[in-house]
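Notes follow the structure.
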Amino acid sequence: MNGVLVLLEYGGAWNRMSWEALAAGQDIAAQLKQPLMAAVAGRDLDGAIADLAGRPLARAYVVRHPLLSEYTADGFTAAFEQLIQSLTPSLVLLPHTYQVRDFAPRLATRFGQSLIADVIAIGMETGEPVFVRQLLQGKLTADYVHSGIGPCFVSLQAGAFRADTLTPGECTVEDFVPRLEGSQIRSQPGERFRESAQTVDLSAASLIVSVGRDIKEHGNIPLVQELATALGAELAASRPICDNGWLPMERQVGSSGQTVSPKVYIAIGISGAIQHLVGMKGSKAVIAINKDENAPIFEVADYGIVGDLFEVVPALTAAVRKAKSA
Ligand SMILES: Cc1cc2nc3c(=O)[nH]c(=O)nc-3n(C[C@H](O)[C@H](O)[C@H](O)COP(=O)(O)OP(=O)(O)OC[C@H]3O[C@@H](n4cnc5c(N)ncnc54)[C@H](O)[C@@H]3O)c2cc1C
């Protein structure tokens with residue numbers, strides 16, 4: 001077995017997490033000194049080919065078949081099973097998307113393997129990759145290593161790996177046509193899920209201003225919105241804010257919200273409950289503003305301001321505006 005194969009997701013447009021998975025693949029393939037390969041299945045794949053040709057891959061495969069034009073777990077599992085049998089990679093990486101959650105455990109089982117799911121980091125020990133997962137809502141992390149015969153299957157958490165570390169390159173894109181029959185596809189695809197027009201992709205934001213419960217009322221949200229606007233940041237929140245309907249659910253960060261990894265995360269009046277931390281601890285720098293110097297958020301903060309947000313935030317906004325106009 002040789003090579004790292006990344007299974008990308010494309011449904012007329014790329015799922016952004018595909019590039020995070022490819023970036024992780026690039027890194028681990030270099031460490032293992034193995035070739036990096038990628039594959040994509042689905043519909044309207046012509047648009048995908050040009051993008052793949054500019055990636056740092058030994059080879060890329062476009063998995064084509066009329067029975068793959070609509071996603072089904074049966075079709076994708078059977079098609080990728082045949083591709084993996086022909087390529088015999090040592091490691092198969094996937095983005096931890098909803099689609100991947102649907103078919104990847106079954107795909108792994110076809111090779112006598114379990115999917116190591118929702119991995120947040122990959123280390124190396126004595127030349128072997130070690131995959132880190134969170135347990136118990138992020139209270140613990142656990143290391144997983146591959147065992148048994150067959151490729152190792154791993155899905156990667158959204159926001160855990162940075163797509164901007166992916167280097168440009170070039171590669172040959174080949175067609176792979178699996179042998180599929182209609183009788184293999186037992187499910188009928190339903191109507192395609194459409195995301196609401198106002199969906200915010202916080203996981204792609206490089207600057208986030210996040211607000212917690214003690215902003216006290218809906219009418220105070222503009223206070224933090226102004227800071228976000230001055231900085232050019234996305235506005236996010238802890239769960240109580242979204243539960244109260246003061247900001248839409250799509251702006252919630254945490255175990256039941258989005259996972260983010262911005263360059264800077266400013267946590268305002270957020271205590272740092274574990275369910276919030278699991279969603280933002282991949283941030284490159286954390287700035288916490290909290291009036292309680294013992295708030296747990298300060299344990300993950302790179303910079304802390306102990307103070308009343310109603311004084312600190314307007315002062316910060318004014319300082320940012322002044323600096324920008326200078
Ligand atoms: C299954 C489950 C899933 C969950 N998922 C999520 C999730 O996805 N995301 C999430 O965020 N939470 C989630 N939670 C909730 C989580 O446990 C916490 O209750 C929540 O994160 C607390 O939000 P908070 O920090 O805004 O509020 P609090 O914990 O109440 O903290 C408010 C903070 O503001 C500070 N403060 C008060 N007044 C001021 C002031 N004037 N100036 C400055 N600081 C001030 C206080 O010192 C305090 O630290 C989940 C819980 C469960 C059980």
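In listed order, ligands and their atoms are each counted from 1. This one's a predicted model, so the numbers in the text were calculated from it and none came from an experiment.
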Lys281 NZ to Ile297 CD1 distance, which is reported to the nearest 0.5 Å = 11.5 Å
Which option, Ser271, Ser255, Ala273, Ala237, owns the non-hydrogen atom nearest atom 21 (O) of ligand 1?
-> Ala273
Looking only at heavy atoms of Gly279, does any of them come nearer than 4.0 Å to an atom of ligand 1?
-> no
Where ligand 1 meets Asp308 - atom numbers and elements under 4.0 angstrom, heavy-atom basis = 40 (C), 41 (N), 42 (N)
Check whether more than 12 heavy atoms from other residues, nucleotides or ligands sit under 6.0 Å from atom CZ of Phe310, and answer yes or no.
-> yes
Pick from Ala295, Gly269, Ser238, Pro240: the one approaching atom 34 (O) of ligand 1 most closely through a non-hydrogen atom = Gly269
Have a look at Gln258, Arg239, Lys216 and point out the one with the heavy atom closest to atom 3 (C) of ligand 1.
-> Arg239
Distance filter under 4.0 Å to Gly212 heavy atoms, resulting ligand 1 atoms | 26 (O)
Single hit among His65, Glu70, Arg64 for side chain to side chain contact (heavy atoms under 4.5 Å, CB included) with Leu68 = His65
Flag side-chain contact, heavy atom, 4.5 Å: Gln26 against Arg55 = no
Option whose closest heavy atom lies nearest to atom 6 (C) of ligand 1, chosen from Ala236, Ser256, Gly254 | Ser256
Check each atom of ligand 1 against the heavy atoms of Gly257 and keep those under 4.0 Å away; list them by number with element.
-> 8 (O)
Check ligand 1 against Asp292 and write out every atom of the ligand that is under 4.0 Å from a heavy-atom position of the residue.
-> 47 (O)
Evaluation steps, salt bridge (Lys or Arg N to Asp or Glu O under 4.0 Å), between Arg106 and Asp74 = CA-CA 9 Å; Arg106 185 185 309 184; Asp74 285 334; 2.5 Å; yes
Backbone, side chain, both or neither: what part of Ile268 comes under 4.0 angstrom of ligand 1, heavy atoms only?
-> neither
Is there a side chain to side chain contact (heavy atoms under 4.5 Å, CB included) between Gln157 and Arg133 once you walk through the steps?
-> CA-CA 9 Å; Gln157 188 173 98; Arg133 295 185 66 231; over 6 Å; no
Just jot down the ligand 1 atoms closer than 4.0 angstrom to any heavy atom of Val253, in number order.
-> 7 (C), 8 (O), 9 (N), 10 (C), 11 (O)
The reported gap from CZ in Arg110 to CZ in Phe153 (rounded to nearest 0.5 angstrom) is 10.5 Å
Evaluate the ring planes of Tyr265 and His276, with Trp represented by its six-membered ring, and classify them as parallel (under 30°), tilted (30 to 60°) or perpendicular (over 60°).
-> tilted
Short N/O distance, under 3.5 Å, between Gly272 and ligand 1?
-> no
Is the count of non-hydrogen atoms from other residues, nucleotides or ligands lying under 6.0 Å from Glu174 atom CD greater than 12?
-> yes
Going by distance alone, is a donor N or O of one side chain under 3.5 Å from an acceptor N or O of the other, for Ser86 and Gln82?
-> no
Among Glu311, Lys291, Gln252, which residue places a heavy atom closest to atom 44 (N) of ligand 1?
-> Lys291
For Gly307, take its heavy atoms, then give the atoms of ligand 1 lying under 4.0 Å from any of them.
-> 42 (N), 43 (C)
Closest candidate by heavy atom, reference atom 19 (O) of ligand 1, pool Glu293, Gln275, Arg213 | Arg213
